[in-house]
Peer 1: 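Can you keep this structure in mind? I'll have questions shortly.
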Protein chains: 2
Amino acid sequence: MDSELCLTRLKENGYRLTDARKAVVEIVAATTHALTPVEVYDRARMSCPGMGLVTVYRTLEKLEELGLIQRVHQMHGCQAFITSGNGHEHLLLCTNCGSTVRFSGDQLDRLIGSISRHSGFIIKEHWLQLFGMCKKCQGSVKK
Amino acid sequence: MDSELCLTRLKENGYRLTDARKAVVEIVAATTHALTPVEVYDRARMSCPGMGLVTVYRTLEKLEELGLIQRVHQMHGCQAFITSGNGHEHLLLCTNCGSTVRFSGDQLDRLIGSISRHSGFIIKEHWLQLFGMCKKCQGSVKK
DNA sequence: TTACTTGCAAACGTTTTGCACGATT
DNA sequence: AATCGTGCAAAACGTTTGCAAGTAA
């Protein structure tokens, strides 16, 4: 998601636009792979030297609340964030370098309908995530 | 997964069968919703009073390594475990009470093939998880 | 000016590690 | 008997909270 839009949304929701928040928003918006709070912190200090890790946590929390970023679940944890896509999208992650691709069109309606009937659940949300190896990493295999 | 089978697998892999491990295996195998290490610990002490939380962590680690249990990813974290299913299965979770249903037959081959072609990724794994409200909770809505 | 935001320090909960003792094979 | 497993205590880690000072509106 565009960083301008993120800042607008923050403002719309009554949050002030500070240098710290601008820095965090810009970093997440400009990065195509998921970043942990500490990674955001390290990058943010380049443009915003005195910034504290606490502020990163608090800003990420607000951005997640507003749906501007989303938590990325990976094999070994789910503490990393990535900018949100538009509408209903899913993620494809490279397990080697962490690069991501978004995709939509999962067409799970029939499956979900069938599972809902069999289980009696009302299904409200679904997660679909793919893992693999991107083109670049296929050439230079580390693992 | 059956607790007998879990114990057999542990033994096959060179791990000793202690009371602590038996207790952890039995608890996880007998529970249909995801349990955190502390929850396992609290239940394990009923049959195994002196047991330490550390042992629970170490046992869960081994069970996960061997694929006998799996980590469950939920909205607010992924520190809970559930016994593994047989073959390729996915989870449906009740966001109200935590009960789970397994399902297979996701038929994502066509989708995955298409995304693989478009992205250039070699796709190795996929996660599909559904969230909703189970039959019981639909009646007694807490939220 | 006023309310929101910040950084610091400390608290907190979870997970990991070192070690001597105890148990399984 | 030898090795592996255990519990305890302490450390390490990530995250959250209280607070006084600073800043955006």
Side-chain angles (χ1 to χ4, degrees), chain A residues 6-28 34-66 68-81, chain B residues 6-28 34-66 68-81:
Chain A
C6 287
L7 295 176
T8 306
R9 289 280 168 76
L10 275 175
K11 203 167 186 179
E12 281 171 4
N13 285 81
Y15 294 114
R16 293 181 179 173
L17 297 188
T18 64
D19 287 347
R21 284 176 182 164
K22 285 179 197 164
V24 170
V25 164
E26 233 147 79
I27 286 160
V28 178
L35 295 173
T36 62
V38 173
E39 287 168 339
V40 173
Y41 174 57
D42 287 337
R43 296 177 186 214
R45 273 182 304 174
M46 294 177 187
S47 64
C48 210
M51 152 172 283
L53 179 56
V54 182
T55 300
V56 174
Y57 273 99
R58 292 196 269 225
T59 304
L60 291 175
E61 182 187 307
K62 283 162 185 59
L63 294 173
E64 191 185 14
E65 249 171 50
L66 298 177
L68 304 173
I69 61 172
Q70 62 183 254
R71 199 172 281 270
V72 175
H73 292 254
Q74 289 170 281
M75 309 298 169
H76 298 299
C78 47
Q79 57 291 88
F81 294 87
Chain B
C6 287
L7 295 175
T8 307
R9 290 279 168 77
L10 275 175
K11 205 166 186 179
E12 281 171 3
N13 283 80
Y15 294 114
R16 293 181 179 171
L17 297 188
T18 65
D19 288 347
R21 285 177 182 163
K22 285 179 198 165
V24 170
V25 163
E26 234 147 79
I27 286 160
V28 178
L35 296 172
T36 63
V38 173
E39 286 169 339
V40 172
Y41 173 58
D42 287 337
R43 296 177 187 215
R45 273 184 304 175
M46 294 178 188
S47 64
C48 209
M51 154 172 281
L53 179 56
V54 182
T55 299
V56 174
Y57 273 99
R58 293 197 267 227
T59 304
L60 291 175
E61 183 186 308
K62 282 162 187 57
L63 294 173
E64 191 185 14
E65 250 171 49
L66 298 178
L68 304 173
I69 60 172
Q70 62 183 253
R71 198 173 282 271
V72 175
H73 292 254
Q74 289 171 280
M75 308 299 170
H76 298 299
C78 48
Q79 58 292 86
F81 294 87

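Lettering follows sequence order; numbering is per chain, from 1.
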Peer 1: Please state whether the phosphate of C:dT6, meaning OP1 or OP2, lies under 4.0 angstrom from any side-chain nitrogen or oxygen of A:T18.
Peer 2: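 The answer is yes; a side-chain N or O of A:T18 sits under 4.0 Å from OP1 or OP2.
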
Peer 1: May I have the distance from A:M51 (atom CE) to C:dT6 (atom P), rounded to whole angstrom?
Peer 2: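 Atom-to-atom, A:M51 to C:dT6, this comes out as 7 Å.
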
Peer 1: On the ring face of B:Y41, is B:R45 found with NZ or CZ under 6.0 Å from the centre and within 45° of the axis?
Peer 2: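 Checked: cation-pi criterion met.
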
Peer 1: Could you give the CG-to-P distance, from A:L63 to C:dT5, as a whole number of Å?
Peer 2: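 Rounded to the whole Å, the gap is 12 Å.
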
Peer 1: A:D19 CG to D:dA24 C1': how many Å, rounded?
Peer 2: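 So the CG-C1' distance, A:D19 to D:dA24, works out to 10 Å.
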
Peer 1: Consider the side chain of B:V54, meaning its heavy atoms from C-beta on, and name the nucleotide among C:dT5, D:dC8, D:dT15 that approaches it most closely.
Peer 2: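 So the nucleotide nearest the side chain must be D:dC8.
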
Peer 1: Under 4.0 Å between a side-chain N/O of A:R21 and OP1 or OP2 of C:dT6, yes or no?
Peer 2: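 It does, given that an N or O in the side chain of A:R21 lies less than 4.0 Å from OP1 or OP2 of C:dT6.
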
Peer 1: Do the side chains of A:Q70 and A:F81 get nearer than 4.5 Å, heavy atoms only?
Peer 2: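 Of all side-chain heavy-atom pairs linking A:Q70 with A:F81, none is under 4.5 Å.
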
Peer 1: Send over the distance from B:Y41 OH to C:dT14 C1', rounded to a whole Å.
Peer 2: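 After rounding, the reported distance stands at 14 Å.
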
Peer 1: Compare the minimum distances between each of C:dT24, D:dA24, C:dT6 and the side chain of B:R16, then state the nucleotide with the smallest one.
Peer 2: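 Looking only at heavy atoms from C-beta outward on B:R16, the closest nucleotide is C:dT24.
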
Peer 1: From the options C:dA9, C:dT17, C:dT5, select the nucleotide whose nearest atom is closest to the side chain of B:R58.
Peer 2: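 Selected nucleotide (nearest to the side chain): C:dT17.
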
Peer 1: Starting at CG of B:D42 and ending at P of C:dT14, how long is that distance when rounded to a whole Å?
Peer 2: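 Answer to the nearest Å: 11 Å.
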
Peer 1: Round to a whole Å and report the spacing from CD of B:E61 to P of C:dT14.
Peer 2: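 Atom-to-atom, B:E61 to C:dT14, this comes out as 18 Å.
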
